[in-house]
Amino acid sequence: MILTAKVNWKSLSAILSLAAAFVLCFVGGQMETQAVSGSAPDDIQQTHRDYLASLGWETEGPVSTDQVILPEEFTAEYGDYLSIQADGGFDLLPYAGETVTRYTYAVSNYPSGEEGVLADLLVLDGAVVGGEIRSSALDGFMIGLTSRERVSS
């Protein structure tokens with residue numbers, strides 16, 4: 001018995017690029033993460049949730065709070081991740097080498113109804129300097145921190 005499959009190489013390439021960006025940025029690349037004990041104070045959580053609500057996202061959490069050391073130099077491997085940030089209106093280049101706090105919130109109203117969607121906020125000195133909306137699924141997605149209206153279901 002011979003099985004064949006039709007592969008949409010463009011979609012597969014996009015998924016693999018996003019997965020590689022995530023792995024490089026948060027797991028294996030130059031970005032280092034360290035869990036922060038405790039959670040954000042209630043007023044900071046509310047400020048973040050209000051910010052995400054202004055973009056149309058309903059959130060719970062935070063799910064986690066981590067310290068992330070951005071790379072000293074964003075090499076070519078970070079191109080896709082920097083593009084995702086730019087899609088959300090952020091430029092991480094001025095923050096190279098900085099330690100930011102990543103607050104992760106559970107998103108409960110992703111347009112497709114998908115569960116396991118998270119919103120990350122990268123915060124430095126109280127200001128959001130980056131972020132993304134992402135799926136926690138193995139074959140998930142990552143998009144810029146954009147309004148819910150811009151996301152098609």
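Side chains included, hydrogens not; waters and symmetry mates left out as well; all remaining heavy atoms used. The model shown is predicted, which means the values in this text are computed figures rather than measured ones.
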- Test side-chain contact (heavy atoms from CB on, under 4.5 Å) applied to Ser64 - qualifying residues, sequence neighbours left out: Asp66, Thr104
- Under the side-chain contact (heavy atoms from CB on, under 4.5 Å) test, which residues partner Thr99, sequence neighbours left out? Gln67, Ile69
- Message: Could you tell me if the side chain of Leu52 sits less than 4.5 Å from the side chain of Leu145, heavy atoms only?
- Response: yes
- Item | Separation of Thr59 OG1 from Leu118 CG (nearest 0.5 Å) | 11.0 Å
- Message: Please check this pair: side chain of Asn109 against backbone of Gly56, looking for a donor-acceptor N/O pair closer than 3.5 Å.
- Response: yes
- Query: Got a sec, which residues hit side chain to side chain donor-acceptor pair (under 3.5 Å) with Asp125, two or more places apart in sequence or on another chain?
  - Reply: none
- Message: Under the rule for side chain to side chain donor-acceptor pair (under 3.5 Å), what residues qualify as partners of Glu114, not counting sequence neighbours?
- Response: Ser135
- State which residues pass side-chain contact (heavy atoms from CB on, under 4.5 Å) with Thr47; sequence neighbours excluded, sorted by chain then number. none
- Task: Hey, could you give me the OH/CZ distance between Tyr103 and Arg49, rounded to the nearest 0.5 Å?
- Result: 15.0 Å
- List the atom of Thr146, the atom of Trp57, and the distance in Å for their closest heavy-atom pair. O-NE1, 2.8 Å
- Query: With sequence neighbours excluded, what pairs up with Glu149 under the side-chain contact (heavy atoms from CB on, under 4.5 Å) test?
  - Reply: Ser147
- Message: When you compare the side chain of Arg150 with that of Ile143, does any pair of heavy atoms fall below 4.5 Å?
- Response: no
Please table the atom pairs, donor to acceptor, closer than 3.5 Å between any side-chain atom in residues 85-97 and protein atoms at least two apart or in another chain.
from: Gln85; atom 1: OE1; to: Gly131; atom 2: N; distance (Å): 2.8
from: Gln85; atom 1: NE2; to: Tyr81; atom 2: OH; distance (Å): 3.2
from: Gln85; atom 1: NE2; to: Gly131; atom 2: O; distance (Å): 3.2
from: Gln85; atom 1: NE2; to: Glu132; atom 2: OE1; distance (Å): 2.8
from: Asp91; atom 1: OD1; to: Leu93; atom 2: N; distance (Å): 3.0

- Message: Testing the basics here: between Tyr105 and Ile44, what is the closest heavy-atom pair and its distance to 0.1 Å?
- Response: OH-O, 4.4 Å
- Task: Flag yes if Phe141 and Val63 sit in one hydrophobic cluster, no otherwise; membership is Ile, Leu, Val, Met, Phe, Trp, Tyr, and two members link when side-chain heavy atoms are under 4.5 Å apart.
- Result: no
- Note on the structure: All heavy atoms of Ile133 vs all of Ala119, minimum pair found to be CD1-CB, 3.6 Å
- Item | side chain to side chain donor-acceptor pair (under 3.5 Å) partners of Arg148, counting only residues at least two apart | none
